[in-house]
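Taking it in order: structure first as structure tokens, then the write-up.
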Protein chains: 2
Amino acid sequence: MGAAAEQAAEEREEWGGVTPDAARRLVSAAVEAFAERGYHATTTRDIAGRAGMSPAALYIHYKTKEELLYRISGIGHEKALRIMGAAAEAEGSAGERLRDAVRTFARWHAEHHTTARVIQYELQALSPEHYTEIADLRRRTDRLLRQIIQDGADSGEFRADDVPGTTLAVLSLCVDVARWFSSDGPRTPDEVGALYADLVLRMVGAPAGGPGGAATGKSG
Amino acid sequence: MGAAAEQAAEEREEWGGVTPDAARRLVSAAVEAFAERGYHATTTRDIAGRAGMSPAALYIHYKTKEELLYRISGIGHEKALRIMGAAAEAEGSAGERLRDAVRTFARWHAEHHTTARVIQYELQALSPEHYTEIADLRRRTDRLLRQIIQDGADSGEFRADDVPGTTLAVLSLCVDVARWFSSDGPRTPDEVGALYADLVLRMVGAPAGGPGGAATGKSG
DNA sequence: ACCGGGCCTAAGCGCTTGCTCAGCGGCGCG
DNA sequence: CGCGCCGCTGAGCAAGCGCTTAGGCCCGGT
């Protein structure tokens, strides 16, 4: 399989729910362009061009440029919420769940850093109604993580004086991966996830992290 | 002193180096607008309007809209570099210097979150030449922080297996304050600085932090 | 064979954008 | 008082924007 076909396969997985094919190609092109230049600096002509169509074709599948952003933001935030939910609902100690949450959440922000960049840094370009809807997904993600940290604090497993503040910091740390991560950089998404999980567990005073813990892994 | 006069006084301090007065008012208006809507969504008419001038007046003081961003970015990054430099060159253990660095750096990103937002999230709108210049300031800031963490790791005061990775995480954490901080929120800039200093010291395995350390301050 | 509808394009409309330019008011200086 | 000049404005230009419209191709059903 060639590189182009491979990328197309990846896109089909990430945007699998979007049909028909032309609509999916447009979403994919828009994510690329928005991540690269920002929403406002991206023209509908650019998006259509990347998708191999004329500018007018965009409006057959989406009413406005903002609707494209909304679709991307919705799918991305739902994916992020599902990732956090899977970690939160898993069995295990608070430490194990927190490790899993940070590892998978940070890794997703690295692996899908173009999508993540768009959904995290272009929120203000959404219409007020769409923003309200997306904000709800974000609150739910925050609540899931906060509950994990609260559980650890309640049981004495974590040392977290300010649970909302710690939650905010952990979420902020993971989200900001989308800003600095580059596929050309020295770190793989897996490595970022592992590093961040270790750092966060230490932040809450649970350095050993139970089974699978490797906070001081490489060299001690 | 009224609220308006107070705000004007603050601006004069932050942008004190910018003269004449009209040029400073334009910088101030541009920071506000860029932070609120983003660089590309801000029009020169909006900037001039906020500064109480006609659109044409902008071009007497700045050649282009991008030059305005460049000036803001330069002044902001130099301030950030000075803050990090002051902490790095201070006397004291690595733990003390790291605490000071994170506390002041995070606090600045909270207190001046509009400026910080512009300099951290609008880099891609700079011309390539201007970006290169700003990137150098960013590298120097990064190097200062990395040296503190390296010192602590070398002396055994910190437990940091991946010094560049830890540096990146700490910087990312502080920078991202600019994205979520709001003056209407429940936290003051001082509180954010204190919280973040505690979290970061634990991240590097130095929870007590020496004199002045209050990692588990509020309730233990 | 023929029609109907889904998908697409070429052309372009109305508007806003970053930026320019000729000219004007008022302050300092002689 | 009169002159020059600095800071500014009103009007507007070329270009590019988001989006629309009229029409054409192609494929499935009858």
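Keep in mind it's a predicted model, so treat the numbers as computed, not measured. Here is the naming used below: chain letters follow the sequence lines, and residue numbers restart at 1 for every chain.
- Not one N or O on the side chain of A:Q147 forms a donor-acceptor pair closer than 3.5 Å with the backbone of A:A88.
- In this structure, A:R45 atom CZ and D:dA15 atom P are separated by 15 Å, rounded to whole Å.
- Residue A:S54 is classed as a base contact, given a heavy-atom separation below 4.0 Å to a base.
- Using a 30° and 60° split on the angle between ring planes, A:Y70 and A:H130 fall in the parallel class, below 30°.
- With sequence neighbours left out, the ring-ring contact (aromatic ring centres under 6.0 Å, His included) criterion links B:Y121 to A:Y121.
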From CA spacing to verdict: side-chain hydrogen bond (donor to acceptor under 3.5 Å, both in side chains), B:Q120, B:H109: CA-CA 10 Å; B:Q120 298 294 354; B:H109 278 79; 3.1 Å; yes
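- With rounding to whole Å, B:I60 atom CD1 is found 9 Å from D:dT9 atom C1'.
- Between B:Y62 atom OH and D:dG7 atom C1' the separation is 14 Å, expressed in whole Å.
- Taking the charged nitrogens against the carboxylate oxygens, B:R139 and B:D142 have no contact shorter than 4.0 Å, which rules out a salt bridge.
- Rounded to whole Å, atom P of D:dC6 lies 18 Å from atom CG of B:D21.
- Going from atom CG of A:D46 over to atom P of D:dG16 covers 14 Å, rounded to whole Å.
- For the salt bridge (charged side-chain N to carboxylate O under 4.0 Å, His left out) condition, the pairs that include at least one residue of residues 62-72 of chain A, sequence neighbours left out, are A:E67-A:R71.
- Here the range on DNA chain C touched by chain B, meaning any atom under 4.0 Å from one of its heavy atoms, is C:dT17 to C:dC21.
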